[in-house]
**Q** 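My questions all concern the structure below.
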Amino acid sequence: MAPGALAQVLSDLPNTPNKNLLVGFDTSDDACVYKVSDDLCLINTVDFFPPMVDDPYLFGQIAAANALSDVYAMGGTPTLAMNLLCWPNCLGPELAGEVLRGGADKAMEAGCTIAGGHTIVDEEPKYGMCVTGFAKPDQILANSAAQVGDVLIVTKRIGSGILNTAVKGDLVEQDQMGDLYREMSTLNKYAAEVGHGFTVHACTDITGFGLAGHLCEMAEGAGLTVELHYDQVPLMDQADDFARMGIIPAGTYRNKTYFEDRVRIEEGVASEAADLVFDPQTSGGLMFAVAPDEAQMMLDTFSALDISAARVGVFQEKQDCFVRIV
């Protein structure tokens, strides 16, 4: 299914208006937000996918970190989760147990309780979570509230889709991808906690639509243009090499087709840039739209805590595209 296709289907369906629903699917945000009371909001999200690694425990960790990330991206704290597991009869229950153990360990690290879940038989294994979190109303971070002049800061490096494709193509061994798997299984909890200490106007996480696709959502929702400085985008080791070789996941092409009329790549930018900025990420980092006078202090805090982060762009008045890559 093309990116955004399901959102379009949902937008065409009849829906009961609810004044307490603060964030729905209309801005393609990371989770829905429901105002429970004047001082409490509920955040709810769901995410699951098939394995990208052979190790079932690592797969469980990555899938859980990815699902939990949506709550962090909305400014909340994940509190309660339900497992979603699709499992084929040809794989033993001990492997399923390892997947669930990986997810449970990540949930425990997040301080999130797993209260149950649902399992079905499927030809291809899939795992993820439905996660509920909470935040105060003034802590909610929508993806659509960036302001002119805000500095764009990203955490984690880009290129997981390309590197996972290289592994599947036997161009590199999985045991050489330790840095990749550590980043994918790292909770965005720690980056989100840093964000709470600064004036962050908008936030999202970088997942299936890639860096440029999720930037389009941020800029379009705010009615602005993002100037993205490609040479400042942090890349995973070998990601640009494999991109130049044409080792590109199918999701990249879908992202390009869907978003390309909203993105302009200026002359002089590296030829592989289009593949890397549209590379679908698995359990990617967060993107913050930060007040300009606090951006360097935020970067210094990330550095002091040994959290990967980089200043990669700035939000500007609306131009003839939503993302301009220079």
**Q** Between Lys106 and Leu68 (side chain of the first, backbone of the second, donor and acceptor by atom type, cut-off under 3.5 Å), is there such a pair?
**A** no
**Q** Is any side-chain heavy atom of Tyr230 less than 4.5 Å from a side-chain heavy atom of Leu276?
**A** yes
**Q** Check for me, please, whether Tyr72 and Leu42 land in the same ILVMFWY cluster - side-chain distances under 4.5 Å, paths through other members count.
**A** no
**Q** Please confirm whether the backbone N or O of Leu299 pairs with a side-chain atom of Ser303, one donor and one acceptor, at under 3.5 Å?
**A** no
**Q** For atom CZ of Phe49, decide whether the heavy atoms of other residues, nucleotides or ligands shown that lie under 6.0 angstrom number more than 12.
**A** yes
**Q** Determine, stepwise, if the pair Val172 / Leu163 fulfils side chain to side chain contact (heavy atoms under 4.5 Å, CB included).
**A** CA-CA 8 Å; Val172 62; Leu163 292 180; 6.0 Å; no
**Q** Is the number of heavy atoms from other residues, nucleotides or ligands under 6.0 Å of Glu317 CD greater than 12?
**A** no
**Q** Distance under 6.0 Å and angle within 45° of the ring axis: does Lys318 meet both against Phe322?
**A** yes
**Q** Could you check whether any side-chain N or O of Lys156 sits under 3.5 Å from a backbone N or O of Ser283, counting only pairs where one atom can act as donor and the other as acceptor?
**A** yes
**Q** Decide whether Ser160 and Gln281 meet the rule of one side-chain donor and one side-chain acceptor closer than 3.5 Å.
**A** yes
**Q** Ignoring hydrogens and angles, state whether a donor on the side chain of Glu217 or His214 is under 3.5 Å from an acceptor on the partner side chain.
**A** yes
**Q** Please determine whether the number of non-hydrogen atoms from other residues, nucleotides or ligands lying under 6.0 Å from atom CE of Met245 exceeds 12.
**A** yes
**Q** Mind running side chain to side chain contact (heavy atoms under 4.5 Å, CB included) on Asn83 and Met129 for me, showing each step along the way?
**A** CA-CA 5 Å; Asn83 283 320; Met129 291 177 172; 3.8 Å; yes
**Q** Donor-acceptor pair, distance only, cut-off 3.5 Å: does the side chain of Thr79 make one with the backbone of Thr77?
**A** yes
**Q** Under 6.0 Å from the CG atom of Asn89, do we count more than 12 heavy atoms belonging to anything else shown?
**A** no
**Q** I'd like to know if the side chain of Glu272 and the backbone of Ala243 have a donor-acceptor N/O pair within less than 3.5 Å.
**A** no
**Q** Taking a hydrophobic cluster as the set of Ile, Leu, Val, Met, Phe, Trp and Tyr residues connected by side-chain heavy atoms closer than 4.5 Å, whether directly or through intermediates, do Tyr190 and Leu141 fall within one such cluster?
**A** yes
**Q** Would you please test Val233 and Val154 for side chain to side chain contact (heavy atoms under 4.5 Å, CB included) and show each step?
**A** CA-CA 8 Å; Val233 174; Val154 301; 5.8 Å; no
**Q** Kindly indicate whether the side chain of Pro234, heavy atoms from C-beta on, has any atom under 4.5 Å from the side chain of Val312.
**A** yes
**Q** What orientation do Tyr127 and Phe59 show, parallel under 30°, tilted 30 to 60°, or perpendicular over 60°?
**A** perpendicular
**Q** Distance check, rounded to the nearest 0.5 Å: Gln238 atom CD versus Met236 atom CE?
**A** 12.0 Å
**Q** Hey, are Arg244 and Asp275 close enough for a salt bridge, meaning a charged N less than 4.0 Å from a carboxylate O?
**A** no
**Q** Please tell me whether Val226 and Val326 are part of a single hydrophobic cluster in this structure, the criterion being side-chain heavy atoms less than 4.5 Å apart.
**A** no
**Q** Would you say Val33 ends up clustered with Leu40 if hydrophobic residues are merged whenever their side chains have heavy atoms under 4.5 Å apart, either directly or through other cluster members?
**A** no
**Q** Determine, step by step, whether Ile162 and Ile248 satisfy the side chain to side chain contact (heavy atoms under 4.5 Å, CB included) criterion, reporting the C-alpha distance in whole Å, the side-chain angles of both residues, the deciding distance to 0.1 Å, and the verdict.
**A** CA-CA 5 Å; Ile162 288 171; Ile248 309 299; 4.2 Å; yes
